[in-house]
Amino acid sequence: MTAAAAIVGWGTALPDGRVTNADLEARVDTSDEWIVERTGIRERRVVGPGETTASLAVEAATHAIKRAGLTPSDIDLMIVATVTPEQPIPHTGAFVGETLGLRCGSFDMNAACAGFVYELVVGASMLQMGYDHVLIIGAETLSRIIDPEDRTTTVIFGDGAGAAVLAPTRETPGLLAWDLGCDGSAAALLEVRAGGSRLPASAATVEGREHYLKMAGQEVFRRAVRVVVDSASSTLARAGVDASEVAWFVPHQANQRIIDAAGNRLGFESERTLVNIDRVGNTSSASIPLALFEAVDDGRVRDGDLVLCSGFGAGMTWASALLRWGAR
Ligand code: UT7
């Protein structure tokens with residue numbers, strides 16, 4: 001199973017605000033040494049007043065539409081992947097679409113840090129339904145749901161967005177294989193408990209800090225390495241492609257040690273692995289597009305390269321996709 005879909009435009013957005021490890025040392029009981037050694041992160045970018053998930057999404061999408069040589073009216077469908085929506089109702093795409101001037105269909109997707117790869121696959125399938133241009137966006141403001149007093153999460157997460165325009169290909173299938181999955185038995189490992197139908201927001205939930213993200217870091221870590229290796233391997237097997245033929249491995253930027261462990265097991269040396277976690281931290285659904293499009297823009301990823309993206313996150317979701325960059 002392949003899909004005649006390719007990324008024909010791309011864009012990213014990072015807020016100007018920076019939080020360094022030194023800034024965190026002043027706020028919680030941590031150290032630059034611990035954070036660098038245990039996560040690989042040196043700084044993360046965070047939104048300031050007036051910046052939101054939708055504003056980052058609009059910036060990334062504007063670049064992607066322009067890079068594709070299109071105007072917003074050419075977009076037939078938009079999907080926004082986020083775990084930090086603009087607000088509970090309506091969906092974030094409503095705000096993004098209004099600013100971009102879109103009136104096409106749009107919906108949000110919550111597949112956590114696997115979100116961008118999920119929407120890559122869903123977007124490609126919508127091209128098979130007859131759409132010409134599908135805009136997919138991964139946008140997050142995790143700083144708005146992180147407990148500033150929780151040292152295990154505040155050191156990891158950052159804000160950002162990545163967007164891509166998908167279009168059908170005529171010559172070669174751009175999407176060679178994919179794998180999507182979710183193991184809900186791990187749902188409690190990474191969650192925001194309050195604010196939904198199960199535990200509506202109240203003064204008590206705020207008092208109990210249940211509106212913040214909670215993570216069982218070690219257990220997520222263990223499962224993450226396993227699911228990335230399994231999902232990436234089955235994607236390669238479905239395409240009949242060996243890891244040695246892949247030019248770039250683009251893992252979700254969750255922790256440098258997860259990236260290294262999964263890369264080692266899959267057979268990707270650091271030279272073939274795209275990493276930007278040191279500068280942006282873990283940006284959930286924005287993480288894979290930020291790492292990939294930085295490498296496209298600086299010329300490392302070239303037309304014809306095979307690119308293997310693999311993400312995992314709350315749910316616990318996972319998603320991998322093997323692309324041929326520049327497929328026409
Ligand atoms: O993107 C979604 C998926 N999320 C992830 O993939 C995150 C996966 N998990 C991780 O990245 C890691 O588990 C963490 C970075 C969150 C934690 O690293 P770890 O190596 O698993 O640390 P740990 O939880 O085993 O804790 C080791 C020690 C503990 O102290 P004791 O009990 O040994 O005295 C922690 O209390 O490190 C302590 N610790 C810290 N120390 C300084 C935990 N966080 C910090 C901190 N600074 N920020």
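Here the structure is a predicted model, which is why all the values come from computation and not from measurement. Order of listing sets the numbers, starting from 1, for every ligand and every atom in it.
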Notebook entry, point to check: Quick one: does P251's side chain get under 4.5 Å of S310's, heavy atoms only?
Noted result: no
Check: Which is closest to atom 5 (C) of ligand 1 by heavy-atom distance: I259, V28, V220?
Finding: V220
Item checked: Under 3.5 Å: N/O of T152 near N/O of ligand 1 -> no
Margin query: Minimum heavy-atom separation for S285 and A112, please, with both atom names.
Written below: CB-O, 3.7 Å
Check: Looking at N21, N282, D159, which one forms a side-chain hydrogen bond (donor to acceptor under 3.5 Å, both in side chains) with R44?
Finding: N21
Next item on the list: Enumerate the atoms of ligand 1 whose separation from the nearest heavy atom of L190 is less than 4.0 angstrom.
Entry: 2 (C), 3 (C)
Next item on the list: Can you run down the side chain to side chain donor-acceptor pair (under 3.5 Å) pairs that involve residues 226-236, sequence neighbours left out, and say none if there aren't any?
Entry: D179-S231, S231-S320
Checklist line | Which of the ligand 1 atoms, numbered from 1, are nearer than 4.0 Å to a heavy atom of N255 | finding: 10 (C), 11 (O), 12 (C), 15 (C)
Next item on the list: Kindly state if atom 31 (P) of ligand 1 has a protein heavy atom within a strict 4.0 Å cut-off, that is, under 4.0 Å?
Entry: no
Check: Taking E140 as the fixed residue, which of T283, T82, T53 is the one that meets the side-chain hydrogen bond (donor to acceptor under 3.5 Å, both in side chains) rule?
Finding: T82
Item checked: Numbered atoms of ligand 1 (with element) below 4.0 Å of R38, judged on heavy atoms -> 19 (P), 20 (O), 22 (O), 27 (C)
Check: Is there a protein heavy atom at a distance of less than 4.0 Å from atom 18 (O) of ligand 1?
Finding: yes
Notebook entry, point to check: Does I136 share a hydrophobic cluster with W325, counting links as ILVMFWY side-chain heavy atoms below 4.5 Å and allowing steps through other members?
Noted result: yes
Next item on the list: State whether the shortest distance between N or O atoms of H252 and N or O atoms of ligand 1 falls below 3.5 angstrom.
Entry: yes
Check: Side chain, backbone, both or neither: which part of C113 has a heavy atom under 4.0 Å from ligand 1?
Finding: side chain
Notebook entry, point to check: So which of T39, I258, T283 gets nearest to atom 15 (C) of ligand 1, if we judge by its closest heavy atom?
Noted result: T39
